[in-house]
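To start, the structure itself, in C-alpha cells.
Note: hydrogens, waters and symmetry copies are ignored here, and every other heavy atom, side chains too, is used. Counting begins at 1 with the first residue of the sequence.
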Amino acid sequence: MSVRLFEEKEHASNYKKFRIEPQEEIINLIFSYLNERLPKPHGLAVDVGCGTGQSTRILSPYFQKVLGTDISEAQIEEAKKVPGSPNVTYSACPAEELPVGDASVDLLTASAAVHWFNIEKFLKEVDRILKPRGCLAFFSYLPRLEVHYKDCSEQMSQVFSDVFSILGRYQHERINLVRTGYKEIFEAIPYSDKIRVESIVTKIPMSLSALIGLIQTLAMFQTYLRTEPEKAMEMIRTVEQRSLQIMGASSTETVVEVWFYNVLVLACKPQ
Ligand SMILES: C[S@@+](CC[C@H](N)C(=O)[O-])C[C@H]1O[C@@H](n2cnc3c(N)ncnc32)[C@H](O)[C@@H]1O
C-alpha cells in the first residue's frame, strides 16, 4: 500500500517555503555513480514524489528533460508555480504508474519519498522505465538532527531532540524504513549493482524560523496537529522560546547550522 499524507493546499504551500533542496554532497555521489555507468549526455530524469519540486529543479542542468511526479495535486500545483527551467515538467500521478515509456529513463530519483510508496509495485515500475544501465537514487534525511550555534550546540540539539521524542508518538510506521537507513528497500531492489551509503552529514545554515517551519512540514507534526492542535502549537511556541533563550537571541531570523543525517541508495539496471 502507498500512504497519502501530503494532500492539503496549506501543507503544500508550506512545503514550497520550508523544504530544503538535496545538498551537493548527495548530488555529487549520484552523478559520479550515474556517469560511471551511463555516458553523457543524459536524456530523461524522473523525480518521483517530487513534492513542490525542490528535488526536481536541481536536476535540470544535467538532463535534456526532467519530469517531476507526485500523487498530490496540491503539491504539483505549487511546483508548477515556481518559475523554472523550460526542460522541467510536472505530472500528478502515483509512483506506481508513471507516465513514461519503457526503457526511457536515465536516472530516477526519489527524495524523502520512496518510503511512502507501495515498494513492490514501484520497483516493478522503475524496472519498466529505466534504460539498460539507467540508475535509481533513493535518499532521505533521517528523523533526527543537530543544531549548532556558538557554544550552545549541545543545548540547542537537545531542544530539537525533545521535539522528535514528542513527534515520535505520531510517527507513521513507514518512517521506520528511514530510521533503519532504507535497508529493507535496498534489499528489495532486484539489481546486483547497488550500494547503500549511510551517515552522509549535510550542514545547512538556516534561520531558526526556517528550521521551525521545516519541522511543521513533517508528516508526524501534521498528524500531531490534526490530533491535538493546541498541544502541537504550544510545542512550537515552546521550541521557539527555549531556543531564543539558549542562544541569547531576540530574533527568530538568527541563523543556526543544522546538521542532517542522510541515507542514499543507488542502483543500476543491468544491460
Ligand atoms: C516528504 S515529501 C518529499 C518531497 C520532495 N521530494 C522533497 O525532497 O522535499 C513526500 C512526497 O511523496 C508523495 N507521495 C507519497 N506517496 C506517493 C505515491 N504513492 N506516489 C507518488 N507520490 C507520493 C507525497 O505526496 C509527498 O509530496
Side-chain angles (χ1 to χ4, degrees), residues 1-8 11-12 15 19 22 30 34 43-57 59 63 65-80 88-141 171-194 196 218-220 222-223 263-270:
M1 232 181 63
S2 69
V3 180
R4 304 182 66 165
L5 294 171
F6 303 87
E7 309 287 325
E8 284 158 26
H11 191 191
Y15 235 82
R19 281 281 169 151
I30 295 174
L34 175 69
L44 176 62
V46 180
D47 180 37
V48 188
C50 68
T52 51
Q54 281 87 339
S55 49
T56 318
R57 290 183 287 274
L59 299 174
F63 295 89
K65 283 187 182 163
V66 179
L67 171 68
T69 75
D70 201 286
I71 202 162
S72 156
E73 299 266 0
Q75 297 273 9
I76 291 294
E77 227 174 86
E78 287 296 331
K80 283 181 176 169
V88 178
T89 53
Y90 294 99
S91 171
C93 61
E96 301 80 4
E97 289 166 51
L98 296 165
V100 276
D102 295 357
S104 62
V105 173
D106 298 58
L107 176 71
L108 181 140
T109 56
S111 162
V114 67
H115 46 280
W116 299 115
F117 306 161
N118 177 323
I119 303 297
E120 199 187 327
K121 282 193 185 163
F122 175 60
L123 289 177
K124 280 197 184 130
E125 188 63 344
V126 172
D127 190 52
R128 180 186 72 78
I129 67 173
L130 278 183
K131 287 180 181 170
R133 309 291 295 157
C135 296
L136 64 80
F138 303 154
F139 51 96
S140 183
Y141 39 83
Q171 181 190 284
H172 195 281
E173 59 179 19
R174 292 292 182 95
I175 296 296
N176 284 329
L177 294 170
V178 188
R179 278 193 194 280
T180 50
Y182 278 171
K183 224 171 176 176
E184 228 176 283
I185 295 171
F186 177 75
E187 274 154 22
I189 296 169
Y191 307 147
S192 58
D193 180 357
K194 55 181 175 178
R196 193 171 65 90
L218 299 177
M220 47 192 165
Q222 290 295 314
T223 308
V263 59
L264 168 66
V265 165
L266 294 162
C268 176
K269 179 175 169 175

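Using a distance-only test at 3.5 Å, with no hydrogens or angles considered, a donor-acceptor pair links the side chain of Arg174 to the main chain of Phe117. For the pair Asp47 (side chain) and Cys50 (backbone), a donor-acceptor distance under 3.5 Å is absent. Listed for the Lys121 side chain is no donor-acceptor partner under 3.5 Å among the backbone atoms of Glu96. A donor-acceptor distance shorter than 3.5 angstrom exists from the side chain of Asp106 to the backbone of Leu44, with no hydrogens or angles considered.
Taking 4.5 Å as the limit, some side-chain heavy atom of Leu67 sits within range of a side-chain heavy atom of Ser91. Within the 4.5 Å cutoff, the side chain of Trp116 has no heavy atoms near those of the Ile71 side chain. Annotation: side chain of Tyr191 is not in contact with side chain of Cys268 (no heavy-atom distance under 4.5 Å). For the pair Val265 and Ile185, the minimum side-chain heavy-atom distance is 4.5 Å or more. Within the 4.5 Å cutoff, no side-chain heavy atoms of Asp193 are placed close to those of Pro270. Lys65 has its side chain out of reach of Thr89: every pair of non-hydrogen atoms, C-beta onward, lies at least 4.5 Å apart. Annotation: side chain of Thr69 is not in contact with side chain of Val100 (no heavy-atom distance under 4.5 Å). Counting only heavy atoms from C-beta outward, the side chains of Leu218 and Gln171 never approach each other to under 4.5 Å.
In terms of heavy atoms, Asn176 sits closest to Thr180 at O-OG1, 2.7 Å.
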### Residues Phe122, Phe138; criterion ring-ring contact (aromatic ring centres under 6.0 Å, His included); working and verdict
CA-CA 12 Å; Phe122 175 60; Phe138 303 154; 5.7 Å; yes
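For the residue pair Asp70/Tyr90, the side-chain donor-acceptor check at 3.5 Å is not satisfied.
Crowding of Lys194 atom NZ: a count of heavy atoms from other residues, nucleotides or ligands under 6.0 Å exceeding 12.
Using bins of under 30°, 30° to 60° and over 60° for the plane-to-plane angle, the ring pair His115/Tyr182 lands in the tilted bin.
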